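Below is one structure, written out as structure tokens; the observations come after it.
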Amino acid sequence: MGMSDTFSVIVATKNRPADLGRLFDTLRQQTSMPDELIIVDQSEDAKTSELVACFTQKYSSGLKLKVVYVHRLDCVGAGPARNIGIECASGMVLVFLDDDVLLDATFIEELKNALRARPDLGGVSGVVKNYQRPPFSKRVLLRVFWIGPFHDERQPIYWKAARLKGEKLIPATRFGSGLMGVRRSALGNLRFDPYYDGPGEDVEITWRIGRKAPLVIAPRAQLIHAHSPSGRVRAHWLFPEARSAAYLYEKLWFGKLWYRACFGWLKFGLILTAFAASLRNGSLEPWRAYRSGLTLGRSQGSKKSP
């Protein structure tokens, strides 16, 4: 990465001005600033636009930060909003952040260091340092049934964030869309799926980027994900798991023998889990969550992006 390469931070937001304000507080404390901040706002009221205007007036000139604000009520979902941000951004490196994250002061600097040290990289991700380690029973399920392309190497890294902070760059196959930076040259014409608004949309695009150039996680680039309750749909955990697995299989891995076997094995694990949970709870909710997630994910994964 050349010293002249520019960084554009892209944040999609909707009805979360308080969370966005806290992100702004950590962004202006960065030891190395991005060149540009793109806010794509889907809020129904004016609170977010007023916050962005206040931030721009008070800090942008002193921080030498160009702020671009886009208000789009006709845009539904984080993926399409990020696509708008891509088109508005002028940087050669695009950093995607969720609106409810709190950055360590060196977050942007560590992303820059990684890309500068490895010109061959397609992208670099940070680490969520407050990621909750799931119960032992779920960790066993993840280890046994989430195999092949469904194995997510990010989670064990997040669990050990404090211990890994001094480690070198870690190879990865996928990123989370709320804490990643990608080179525009590696992104090319790829965009977030406009037909999908669930978990796994970040895996879909970064898996494709990773086919072009290596991806790594920078353990020193850390943040807190506050998990704002605003705008979140509460559902049994089997629903998003089945949905994302089915979506990714249909979108990325459909028809290939090894991937088909991995998907079948994962479905078997989800069925066992749903059956056991339904018996334990005396309710068919876990089974319905699995079935509805699987059906929706396969339907959305089979749609072709424009």
Side-chain angles (χ1 to χ4, degrees), residues 1-2 5 7 9-10 32 82 92-98 101 103-104 106-134 139 142-188 190 192 199-225 244-245 247-249 251-253 256 258-259 261-263 265-266:
M1 186 182 74
D5 283 351
F7 272 62
V9 169
I10 298 172
S32 180
R82 293 188 183 106
M92 299 304 295
V93 177
L94 307 178
V95 179
F96 298 93
L97 298 176
D98 281 348
V101 298
L103 310 177
D104 279 9
T106 58
F107 184 85
I108 299 294
E109 180 180 358
E110 291 298 342
L111 296 189
K112 289 183 177 182
N113 288 342
L115 292 171
R116 191 171 291 125
R118 290 279 306 275
D120 62 313
L121 291 178
V124 57
S125 172
V127 173
V128 181
K129 66 180 181 181
N130 66 321
Y131 194 86
Q132 294 297 312
R133 192 179 188 187
R139 297 202 306 273
L142 292 172
R143 184 69 177 266
V144 173
F145 292 106
W146 274 254
I147 64 172
F150 298 99
H151 172 69
D152 189 343
E153 71 272 8
R154 295 171 298 175
Q155 295 185 31
I157 295 172
Y158 295 172
W159 302 339
K160 299 181 288 186
R163 301 203 305 270
L164 290 176
K165 195 162 186 179
E167 294 294 320
K168 298 179 180 179
L169 302 177
I170 303 171
T173 62
R174 67 203 70 200
F175 290 159
S177 55
L179 67 163
M180 69 180 193
V182 299
R183 295 188 195 274
R184 188 181 284 274
S185 58
L187 181 66
L190 294 175
F192 291 90
E201 46 90 20
D202 44 12
V203 175
E204 192 266 340
I205 192 171
T206 53
W207 182 277
R208 295 184 187 276
I209 294 172
R211 302 307 94 184
K212 299 180 179 181
L215 304 176
V216 298
I217 293 174
R220 297 182 182 181
Q222 299 197 2
L223 55 71
I224 292 173
H225 188 189
S244 64
Y247 168 77
L248 292 170
Y249 173 71
K251 200 73 178 180
L252 295 174
W253 308 312
K256 298 178 181 179
W258 167 241
Y259 295 154
C262 292
F263 185 48
W265 182 241
L266 175 54

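These values consider heavy atoms only, across backbone and side chains, with no hydrogens, waters or symmetry-generated copies. Model, not experiment: these values are computed from the prediction.
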Supply the atom-to-atom distance [X] [atom1] to [Y] [atom2], rounded to the nearest 0.5 angstrom.
X	Y	atom1	atom2	answer
L187	T206	CG	OG1	11.0 Å
I157	I170	CD1	CD1	4.0 Å
L97	L179	CG	CG	8.0 Å
D152	T173	CG	OG1	7.0 Å
Q222	L164	CD	CG	8.5 Å
K212	L190	NZ	CG	4.0 Å

Nearest heavy-atom neighbours spanning [X] and [Y]:
X	Y	result
P199	S244	O-CB, 3.0 Å
S32	K112	OG-NZ, 2.9 Å
F107	L223	CE1-CD2, 3.7 Å
S125	L111	C-CD2, 4.2 Å
A213	D120	CB-O, 3.6 Å
W258	P149	NE1-CD, 4.2 Å

- Sort out for me which residue in L169, V182, I209 forms a side chain to side chain contact (heavy atoms under 4.5 Å, CB included) with L215.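 Running side chain to side chain contact (heavy atoms under 4.5 Å, CB included) over L169, V182, I209 with L215 returns exactly one hit, I209.
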- Message: Using 30° and 60° as the class boundaries, would you call the ring planes of Y259 and W207 parallel, tilted or perpendicular?
- Response: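 Judged by the thresholds at 30° and 60°, the geometry between Y259 and W207 is perpendicular.
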- Message: Can you classify the ring geometry of F192 versus F96 as parallel (below 30°), tilted (30 to 60°) or perpendicular (above 60°)?
- Response: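 Ring orientation of F192 relative to F96: perpendicular.
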Give a yes or no on whether the backbone of [Y] and the side-chain of [X] come within a donor-acceptor separation of less than 3.5 Å.
X	Y	value
W159	P134	no
R174	D202	no
R183	L121	yes

- Query: Given R220 and T106, is the side chain to side chain contact (heavy atoms under 4.5 Å, CB included) satisfied, shown in steps?
  - Reply: CA-CA 8 Å; R220 297 182 182 181; T106 58; 5.9 Å; no
- Run through W265, W253, F145 and flag the one making a ring pair (Phe, Tyr, Trp, His ring centres under 6.0 Å) with F150.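 Testing F150 for a ring pair (Phe, Tyr, Trp, His ring centres under 6.0 Å) against W265, W253, F145 leaves exactly one candidate, W253.
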- Is there any salt bridge (Lys or Arg N to Asp or Glu O under 4.0 Å) pair reaching into residues 158-168, and which pairs are they, with sequence neighbours excluded?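 For residues 158-168: D104-K165.
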- Message: So, using salt bridge (charged side-chain N to carboxylate O under 4.0 Å, His left out) as the criterion, who are the partners of R82 when residues are at least two apart?
- Response: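 Residues passing salt bridge (charged side-chain N to carboxylate O under 4.0 Å, His left out) with R82: D98, E201.
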